[in-house]
Amino acid sequence: MDEKFLKPYNPAATEDARYAAWEASGYFTPEQLVADGIVAPNAPVFSMVLPPPNVTGTLHTGHAAMLAVEDILARFHRMRGCRTLWIPGTDSAALATQTKVESLIYKKEKRTRYDFTREDFLARVNQFAKESERTILNQVKKMGSSLDWSRYAFTLDERRYRAVTEAFVRMYEAGLIYRGHRIVNWDPKMQTTVSDDEVAYVEETTPFYYLRYGPFTIGTARPETKFGDKYVVMHPDDARYAQYQHGQKITVEWINGTVEATIIKDAAIDPEFGTGVMTITPWHDAVDFAIAERHGLDKEQIIDEQGKLLPVAGEFAGMHIQKARPRIVEKLKEKGLVVRVDERYTHRIATNSRGGGIIEPQIKEQWFVAVNKEFPMPPSRFSTLKEGAPVTLKTIMREAVASGDIRIMPSRFEKIYFRWIDQLHDWCISRQIWYGHRIPVWYRGEERYCGVTPPEGEGWEQDPDTLDTWFSSGLWTLSTLGWPEETEDLATYHPTSVLETGYDILFFWVARMILMTGFLHGEPPFRAVYLHGMVRDEKGRKMSKSLGNIIDPLDLIQKYGADALRLALIIGAAAGNDIKLSEERVRGYKHFANKLWNIARFVLSRTEGVSLERDFAAWQEEDRALIAARDALLEEVTEDLTHFRLHLAADKLYHYVWDVFAAQIIEESKPILEGADRAAAASRAQLLLHTLDALLRALHPFVPFVTEEIWQSWPHRDRPLLMVARWPIGTDRREK
RNA sequence: GCACUCUUAGCUCAGUUGGCUAGAGCGCUCCCUUCACACGGGAGAGGUCGCAGGUUCGAGUCCUGCAGAGUGCACCA
């Protein structure tokens, strides 16, 4: 027996070496599994892409949970003999990364991006990204992730750039990407648009003003936007205002003098709200914009891109809206235009969830993906979307899931997904930042060119904007497998078997992958979606810097081992449910790794010279019964894993090891092994070996490090690495 | 406003398609350094499974209502 078993299991001294050995074996790559006869050349395929972490980020507990689940799935399928591929990558996270670099440069050098040329600035961002890349990748490895590093992809590398450009051009040519003047979410702080899904609403209590507008009283929480209001809108059936005709003009005294106002009747007005009358600011409000579009009304910009008032505001021009508001209210009061104020009005203000500022809607010329535009379905392998049938991108997204071509787990998220699709608007994909995939469109006067390569001739200017980072992420299963080329990888591994990710990016990512892959490749990007919950602190709060409750997974790995962390993140964490993580839980599972270690020590010390021959005929009746019970449990575990019930599988193995194998079987074995009945002793010794052998295999996906470390000192191993040993169920059956 | 989730031991949570005396981790009490393991073992305290109905031979598990907590979505100025 190896002397290392005389000491307690020490994960910190073990894990890096075990990972290095796995990596060196080449078995993270499916071709190597085939080449060495580990799996058959025509074996079933199991493939996944890693949701790429931010290249400039560091590993957090959410990543740890994701890696634990995915690695368990990968190792399970690899051991079952599948050609298993799990593709790693990182995301440029354009907006987040650029913001980070901008702030670093400003701190150090007091320079902003406008002090650089675009090329020089991008060189700085790229340099920073390259430097940080190693950090996150090493941290991913610390979790034991069996990723195929030979296929590593970065969302901004050359192959991915090609895929993104190609996708844009194809969608442009199909009329599904267009450029238009529309109201968008503008972040004055980050100086860019953001998509609807990136907007987060924060509750705020502010005063609500009732203002005199000619014969009407209108309500607003934002008097600073009201300067240009010259349309007063009411419901067509509102009897109180029946005397006013649609289109009728009236003169009213307003903030900066008299204005000619036009009466508009529109059913969007809720007569029950406030006074049932409102004025509109089409340039800075989506509802107002829609009303203005319906009636062909003028739209005037009041606030500029920095959040400052324009000349229409008269004496307030040039002032930031935050500062101007109290003064405007003051002036309104002086003029006697304030009828009443509700001091405590609760409403939601739009903020940029990506760490930006308060969203100020603006009308801008931007690029959009048309989600409601009908087109003939391209060649398709979807079960309910036939080539040539009239569809929209929404249809593809809905049908892919409704038909069962894609299964979302837990299923309640399917409902949430459908709801989201129903109210989806066209997706604004252009961003006014520099870091990212540049839009492949060039202009020359009135001419416009869209193509994968720049246009011929002089005088062309490329669109300065870049694409929403989710546009490139949406291609991830395709772009990592070589699309737009018809590669062997694409033919073999696409659609991927399962996409595992957090439920918080169901809309951002999962839905957009379905949209883009469905249109561009005519099939789903994956067969199943497994959504894990958010990792929270022991009190159930979100982890955040401001709360100071962030748990660093690397600390936990250092103290308790990656195996312990994996179990803590898996056991008790059903799909879609949030996970509360506490250090005590992780410590508890470290004890499990040590328990296993000591079990191995006991079994090895008592079975020296015993072979693992499975001579079941010579076994004692009760030992055969124990094996049968064990195999029944392993059947259940296998079934659970097949159905993504990882938490149950892990829990069952944990209890079998501790409560059955250690507490009962091993304890009973002590007198048997020492007893006078040598046949019984021999039978029992084989049972111990046989069971530990099976348990090491079955536990390996969950606790790969400690099981592999034991395996390396296991005299009975049939493969040099446990990682590529056979799954226990199926093996015995053949031999019986 | 609409939708969804949660409410099980002191704390944090499992309990897959309804089925034997309801479980885990941590914590608590008492005992044990017995030859795999004190990162251990033994014994134990602790639960009307939110509340009220219903379906069923049988419900923590399904249905209805109520209460509390939370999340997502929404163009109520």
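Letters A, B, ... mirror the listed sequences (proteins, then strands); counts begin at 1.
- Across all strands shown, B/G18 forms no Watson-Crick or G-U wobble pair with both key distances under 3.5 Å.
- Among the protein residues, A/His655 comes within range of the sugar-phosphate backbone only, with heavy atoms under 4.0 Å from sugar or phosphate atoms but none that close to a base.
- One C1' atom belongs to B/G40, the other to B/U33, and the distance between them is 10 Å to the nearest Å.
- Between B/C37, B/C75, B/G25, one nucleotide has an atom nearer to the side chain of A/Arg585 than all others, and that is B/G25.
- In this structure, CG of A/Asp266 is placed 11 Å from C1' of B/C75, rounded to the nearest angstrom.
- By the 30° and 60° cut-offs, the orientation of the rings of A/Tyr210 relative to A/Phe208 is perpendicular.
- Heavy atoms of A/Asp651 sit nowhere under 4.0 angstrom from any nucleic acid atom.
- Atom CD of A/Glu3 sits in a sparse spot, with 12 or fewer heavy atoms from other residues, nucleotides or ligands closer than 6.0 Å.
- A donor N or O paired with an acceptor N or O is not found under 3.5 Å between the base of B/C4 and the side-chain atoms of A/Lys415.
- In the set B/U16, B/C37, B/U5, the nucleotide with an atom closest to the side chain of A/Lys652 is B/U16.
- Side chain of A/Gln423, nearest nucleotide from B/C76, B/C26, B/C73: B/C73.
- Ion pair A/Asp563/A/Arg18 not flagged as a salt bridge, since none of the NZ, NE, NH1 or NH2 atoms sits closer than 4.0 Å to an Asp/Glu carboxylate oxygen.
- Distance from the side chain of A/Arg348 is smallest to B/A74 among B/A77, B/A74, B/C37.
- Protein atom NE2 of A/His532 is 18 Å distant from nucleotide atom P of B/U71, rounded to whole Å.
- Under 4.0 Å is where a charged nitrogen must lie from a carboxylate oxygen, and between A/Glu360 and A/Arg222 at least one such pair does.
- Under 4.0 angstrom from either OP1 or OP2 of B/C37 there lies no side-chain N or O belonging to A/Lys670.
- Using a 4.0 Å heavy-atom cutoff across all strands shown, A/Tyr654 reaches sugar-phosphate atoms only and no base atom.
- The distance between atom CZ of A/Arg587 and atom C1' of B/C11, rounded to the nearest whole Å, is 14 Å.
- Using a 4.0 Å heavy-atom cutoff across all strands shown, A/Arg645 reaches at least one base atom of the nucleic acid.
- Using a distance-only test at 3.5 Å, with no hydrogens or angles considered, a donor-acceptor pair links the side chain of A/Asn594 to the main chain of A/Tyr9.
- For A/Asp270, counting side-chain heavy atoms from C-beta on, the closest listed nucleotide (B/C76, B/C39, B/G72) is B/C76.
- Taking every side-chain heavy atom of A/Arg412 into account, B/U5 is the closest of B/C39, B/U5, B/A77.
- The partner of B/C2, taking Watson-Crick or G-U wobble pairs whose two distances both stay under 3.5 Å, is B/G72.
- Summary of the strand contacts: A/Asn598 and A/Ala663 both lie near RNA chain B, and taking for each the nucleotide with the nearest heavy atom, the more 5' one is attributed to A/Asn598.
- Pairing partner, B/A24: B/U12, with both Watson-Crick or wobble hydrogen-bond distances short of 3.5 Å.
- Candidate nucleotides B/C37, B/A74, B/U16 were compared by shortest atom distance to the side chain of A/Leu648, and B/U16 ranks first.
- When the C1' atom is used for both B/G65 and B/G27, the distance is 38 Å, rounded to whole Å.
- Between the OH atom of A/Tyr589 and the P atom of B/C37 there is a distance of 24 Å, rounded to whole Å.
- For the P atoms, the distance from B/C35 to B/G15 is 39 Å, rounded to whole Å.
- Remark: B/G46 base-pairs with no nucleotide; criterion is Watson-Crick or G-U wobble with both hydrogen-bond distances under 3.5 Å.
- For A/Asp422 and A/Arg398, the salt-bridge test passes: some basic side-chain N is under 4.0 Å from an acidic carboxylate O.
- One can place CG of A/Asp285 at 9 Å from P of B/C76, the figure rounded to the nearest angstrom.
- Residue-to-nucleotide contacts include a donor-acceptor pair under 3.5 Å from the side chain of A/Lys590 to the base of B/C39.
- The ring of A/Phe702 has its center no closer than 6.0 angstrom to the ring center of A/Tyr654.
- A salt bridge is absent between A/Lys230 and A/Glu300; no separation between the charged side-chain nitrogens and carboxylate oxygens falls under 4.0 Å.
- The side chain of A/Trp658 contributes an N or O atom lying less than 4.0 Å from OP1 or OP2 of B/G41.
- Nucleotide B/U33 has no partner under the Watson-Crick or G-U criteria, as no pair reaches both atom distances under 3.5 Å.
- Distance check on atom C1': B/C39 versus B/U7 gives 34 Å, rounded to whole Å.
- As judged by a 4.0 angstrom heavy-atom cut-off over every strand, A/Asn577 is placed among residues touching the sugar-phosphate backbone only.
- Residue-level contact check: A/Ala593 touches neither bases nor backbone, having no heavy atom under 4.0 Å from any strand.
- Pairing partner, B/A52: B/U64, with both Watson-Crick or wobble hydrogen-bond distances short of 3.5 Å.
- Between the side chain of A/Arg419 and the base of B/C2, a donor-acceptor pair under 3.5 Å is found.
- Nearest-nucleotide positions on RNA chain B for A/His591 and A/Ala662 put A/Ala662 closer to the 5' end.
- Using a 4.0 Å heavy-atom criterion, one finds that A/Ile269 contacts the bases of the nucleic acid, with or without backbone contacts as well.
- Side-chain contact annotation: A/Ser713 with A/Lys4, donor-acceptor N/O pair under 3.5 Å present.
- Residue A/Ile666 is in base contact, counting any heavy-atom pair closer than 4.0 Å across all strands shown.
- In this structure, A/Glu583 atom CD and B/C39 atom P are separated by 16 Å, rounded to whole Å.
- B/C2 and B/A74 are spaced 8 Å apart, taking the C1' atom of each and rounding to whole Å.
- Distance, A/Phe592 CZ to B/G40 C1': 15 Å, rounded to whole Å.
- Contact between the side-chain N/O atoms of A/His647 and the OP1/OP2 oxygens of B/G15 is found at a separation under 4.0 Å.
- Comparing the C1' positions of B/A14 and B/G23 gives a spacing of 7 Å, expressed to the nearest Å.
- Taking 4.0 Å as the cut-off between side-chain N and carboxylate O, A/Lys299 and A/Glu293 count as a salt-bridged pair.
- Among the nucleotides B/C75, B/G15, B/G72, the one closest to any side-chain atom of A/His425 is B/C75.
- Residue A/Tyr345 places at least one side-chain N or O under 4.0 Å from the OP1 or OP2 atom of B/A77.
- Taking the C1' atom of each, B/C51 and B/G60 are spaced 15 Å apart, rounded to whole Å.
- With C1' as the reference atom, B/G47 and B/A24 are 14 Å apart, rounded to whole Å.
- At a threshold of 4.0 angstrom between heavy atoms, the contacts of A/Glu272 with the nucleic acid are absent.
- Rounded to an integer number of Å, the gap from CG of A/Leu653 to C1' of B/A24 is 15 Å.
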